[in-house]
Amino acid sequence: MTLLQIDTVTNQASYFALKAKEMAIEYAPKVVGAILVYIIGSWIIKKIAQLLNKLFIKRNYDPSLRTFLSSLVRVALTILLMLSVFEMIGVKITAFAALLAGAGLAVGAALNGSLGNFAGGVMMLLFKPFKVGDMIEAQGQTGIVLEQGIFNTIILTADNKTVILPNGALSTGTIINYTAHGNLRVDLTMAIAPDMDIAKAREVAIAAMKEHPKVLDTPTPEVSVLKVGDGMVTLAIRPYTTQPDYWDVYFGVQELVKNAWDAHGVQGPVPHRVLIQK
C-alpha cells in the first residue's frame, strides 16, 4: 500500500514537472518577447514625448498646455503598449477594453460640462485669442486676464472684481481683445453749445489731449462731430493710449478738455426748459 502511494506521488510529480516544462517552452518566448516589446516601446514613447515637448516649445505653447499634452500623449501610448503586451502573453483584452469603454462613456456623461470647459481651454491655449495681461471683453465682462487655465479663465475688472469665466462658453462666444493691436482708442463724448465754433473746439480739444502724458502721438487724437440736435453739438473725443493706461486717459482727458474749453471760451450746452401754460 505504501509503495503504491509513493508511486502515485512520483507519477504526479513527474506529470507536473512535464506540464511545467511544456508551459515554459510555450510561454517563455512570449514572455521574453513581451518584455522586449515593453522596454523598446517605453523608450520610443519617451522619445516621442520629448519631441512633442520640443515642438510645443518651438511653437511657443503655454507651459501648462505643454505639460498637459505631453503627459496625455505619454499616458495614451503607455496604455496601448500595455494592452499589446498583455495580448502577446495570451491575456484576452476584449472584455477589458469593453469595460474601459463603458466606464469612459459613464464618466463622460457625468462630466459633460467639465469636459466642454476642458476642450475649450485646450483650444484657446492652442490658438491663443488672448494671453495673460490682455484686456478682453467676453461673456458680458471686461477686464484684464489674470490666469488662463484648462477649465476656467480669470479676469480682473476695472472695479477690481475677480470674474471666473468657464472656458466652454468663452471659447464658443465672441471675444474682443483690446490689447492685441498694441494700442487702444478711448471713446469719449463731450458736448458744446450749438452756437460755438466747432473748428475752434476741435483744435483746443486736440491740443489738450496731447498734454496728457499717457496719450499717444501716433495715432493722433481725433475730434469729430457725432450728433447735432437736442440743443447741443455732441463731439466724439478719441485719444489713443496703451492698455495699462486706458482708465487714466479715460478720466484725465475729459478734465483736460473741459478746462481747456473753459479757458478758451468754448461753452457747453445750457439746459433749458419750455413751460406751456394753459
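Values in this document were obtained by computation on a predicted structure and should not be read as measured data.
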Reported [atom1]-to-[atom2] distance for the pair [X] and [Y], which is rounded to 0.5 angstrom:
X      : Y      : atom1 : atom2 : value
Lys227 : Thr234 : NZ    : OG1   : 6.5 Å
Ser84  : Leu77  : OG    : CG    : 10.5 Å
Thr241 : Tyr246 : OG1   : OH    : 10.0 Å

Heavy-atom nearest pair, Ala191 first then Pro269, reads O-CD, 3.4 Å
Heavy-atom closest pair, residues Lys46 and Arg74: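 Smallest interatomic distance, heavy atoms only, reads CA-NH1, 4.2 Å.
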State, yes or no, whether a side-chain contact exists between [X] and [Y] at a heavy-atom distance under 4.5 Å.
X      : Y      : value
Pro239 : His212 : no
Ile175 : Met124 : yes
Pro221 : Lys210 : yes
Ile155 : Ile144 : no
Val249 : Val186 : yes
Asn259 : Val257 : no
Leu256 : Met209 : no

Going by salt bridge (Lys or Arg N to Asp or Glu O under 4.0 Å), name the pairs with one or both residues in residues 161-183, residues two or more places apart or in two chains.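 Of all non-adjacent pairs touching residues 161-183, those that pass salt bridge (Lys or Arg N to Asp or Glu O under 4.0 Å) are Asp159-Lys161.
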Run through the side-chain heavy atoms of Ile, Leu, Val, Met, Phe, Trp and Tyr, join any pair under 4.5 Å, and report what else lands in Tyr240's cluster.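 Direct or chained contacts put Tyr240 with Leu216.
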Please lay out, stage by stage, how Trp261 and Met190 fare under the test side-chain contact (heavy atoms from CB on, under 4.5 Å). CA-CA 11 Å; Trp261 279 350; Met190 300 180 68; 3.9 Å; yes
Donor-acceptor under 3.5 Å (Glu255 side chain, Phe251 main chain):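 Here the side-chain-to-backbone pair does not exist.
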List, one per line, each side-chain donor-acceptor pair under 3.5 Å for residues 35-43, sequence neighbours excluded.
residue	atom	partner	partner atom	Å
Ser42	OG	Tyr38	O	2.7

Acceptor/donor pairs from residues 162-174 side chains to any protein atom, 3.5 angstrom cut, sequence neighbours excluded:
residue	atom	partner	partner atom	Å
Asn167	OD1	Thr153	N	3.4
Asn167	OD1	Thr153	OG1	2.7
Asn167	ND2	Gly149	O	2.9
Asn167	ND2	Ile150	O	3.1
Asn167	ND2	Phe151	O	3.4
Ser171	OG	Asn167	O	3.0
Ser171	OG	Gly168	O	3.0
Thr172	OG1	Gly168	O	3.2
Thr172	OG1	Ala169	O	3.3

Hydrophobic cluster membership, [X] vs [Y], 4.5 Å side-chain cutoff:
X      : Y      : result
Leu184 : Ile206 : yes
Ile45  : Ile48  : yes
Leu226 : Val233 : no
Leu235 : Met232 : no
Phe127 : Leu55  : no

List the atom pairs, donor and acceptor, that lie under 3.5 Å between side-chain atoms in residues 130-138 and the rest of the protein, sequence neighbours left out.
residue	atom	partner	partner atom	Å
Lys131	NZ	Asp134	OD1	3.2
Asp134	OD2	Lys131	N	3.1
Asp134	OD2	Asn177	ND2	3.1
Glu137	OE1	Tyr178	OH	2.3

Check whether more than 12 heavy atoms from other residues, nucleotides or ligands sit under 6.0 Å from atom CD of Gln50, and answer yes or no. yes
Can you list every pair that meets side-chain hydrogen bond (donor to acceptor under 3.5 Å, both in side chains) and has a residue in residues 183-209, with sequence neighbours left out?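 Listed once each, the pairs are Arg185-Asp187.
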